[in-house]
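Inspection log for the structure reproduced underneath, given as structure tokens.
Computation of the quantities below employed the complete heavy-atom set of this structure, encompassing side-chain atoms and omitting hydrogens, waters and symmetry-equivalent molecules. Keep in mind it's a predicted model, so treat the numbers as computed, not measured. The chains referred to below are lettered A, B, ... by the order of the sequence lines, with proteins before strands, and numbering in each begins at 1.
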Amino acid sequence: MINSKYKNNLNLIFDKLLKTYSYQGWWPFIDYDGVNPTKTGAISGYHPKDYDFPKNSNQKFEVIIGSILTQNTTWPSVEQALNNLNKLVDFDPLSILEFANNNEEPFKNAIRCVGFVNQKTEYLKNISNFYIDLKEDLDKEDEIPSRKDLLAVKGIGNETADSILLFAHKQKEFKVDSYTKRIFTYLGYIKENDSYMSIKNFFETNFSGDVNMFQEYHALIVEHAKRYYSKKPYGVNDKILNEFKI
DNA sequence: TTCCAGGCAATAC
DNA sequence: GTATTGCATGGA
């Protein structure tokens with residue numbers, strides 16, 4: 001898929017992005033008093049160079065909820081929704097499920113700012129049920145679900161599954177999003193219509209880094225793309241990665 | 001006003 | 001398997 005001449009480029013691009021933007025501190029947490037860097041669209045809760053997250057089961061489920069809420073919307077909206085929700089209910093599967101079932105309108109009003117409220121309410125109930133069952137079946141708080149099982153939950157697609165596995169469970173799964181496609185299509189490494197799994201496989205085969213660097217790479221891609229790949233024509237002002245264009 | 005945002009599922013070929 | 005469309009809201 002990639003000429004051997006460019007074999008190391010995914011690592012070189014990572015190095016360049018890291019040098020340019022430094023450590024991103026994903027995944028952000030609402031109750032974490034982290035730094036507030038001058039990051040595009042960032043508000044708070046980031047923890048650069050500290051990969052020891054999530055620190056407890058509530059934070060883990062916060063990542064899982066956030067992964068669904070952030071589908072096709074902006075992070076500031078998600079942060080608002082999480083703060084709204086946090087005043088109403090604990091971030092654990094059983095509490096979320098019961099609150100959503102018994103207080104539908106307050107629940108929807110809390111997350112309304114992220115859009116797609118009806119769908120996302122259903123999705124959040126589904127994922128809550130999934131983790132309730134997972135814990136009951138395996139009787140282990142910290143059991144890690146399989147990617148296949150996650151994908152069987154209505155509302156969890158490829159990207160959300162990888163987001164949950166990478167940032168909540170710290171599994172070495174590369175997360176591909178629309179920004180990833182834009183940057184690496186523009187640079188010439190992938191094609192516009194390549195499938196999610198083929199792009200994921202491309203990164204997992206050609207980028208050598210541990211799970212923390214998998215997290216870092218995705219965050220750096222988002223940061224870079226927000227600056228140069230949000231307005232059409234995408235990438236034309238990207239001087240930072242221009243040297244890696246093929 | 002139009003376009004875009006850290007997608008997904010259902011449907012149609 | 002791949003392409004298209006509806007889903008909701010807020011901000012630039």
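Partners of Asn237(A) under the side-chain hydrogen bond (donor to acceptor under 3.5 Å, both in side chains) rule, at least two apart in sequence or in another chain, do not exist in this structure. Scored by the side-chain hydrogen bond (donor to acceptor under 3.5 Å, both in side chains) test, Tyr131(A) finds His169(A) as partners (sequence neighbours excluded). Scanning for side-chain hydrogen bond (donor to acceptor under 3.5 Å, both in side chains) contacts around Glu122(A) gives Lys154(A), with sequence neighbours left out. For Glu216(A), the side-chain hydrogen bond (donor to acceptor under 3.5 Å, both in side chains) test picks out Tyr51(A), with sequence neighbours left out.
dG6(B) and dG6(C) have their P atoms separated by 23 Å, with the value rounded to a whole Å. For the C1' atom pair drawn from dG11(C) and dC8(B), the interatomic distance equals 23 Å after rounding to whole Å. Separation of the P atoms belonging to dA8(C) and dT11(B) is 16 Å when rounded to the nearest angstrom. Taking atom P in both dG10(C) and dA9(B), the straight-line distance is 24 Å, to the nearest Å.
Panel note: side chain Lys16(A), backbone Ile240(A); a donor-acceptor pair is recorded below 3.5 Å.
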Can you give one letter per nucleotide of nucleotides 3-13 of chain B, 5' to 3': B if a protein heavy atom sits under 4.0 Å from the base, S if only from the sugar-phosphate, - if neither? -SBBBSSS---
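Atom-to-atom, CG of Leu69(A) to C1' of dG10(C) comes out at 15 Å; the value is rounded to the nearest Å. When the P atom of dA8(C) is taken as reference, atom CD1 of Ile68(A) falls 15 Å away, rounded to whole Å.
Hydrophobic cluster membership of Ile132(A), counting Ile, Leu, Val, Met, Phe, Trp and Tyr whose side-chain heavy atoms lie under 4.5 Å apart directly or via other members: Leu94(A), Leu97(A). Alongside Leu151(A), the hydrophobic cluster contains no other residue (criterion: ILVMFWY side chains under 4.5 Å).
For the contact set between residues 101-111 of chain A and DNA chain B, defined by any heavy atom under 4.0 Å, there are no members.
Among residue pairs with one or both ends in residues 100-129 of chain A, none qualify as ring-ring contact (aromatic ring centres under 6.0 Å, His included); sequence neighbours excluded.
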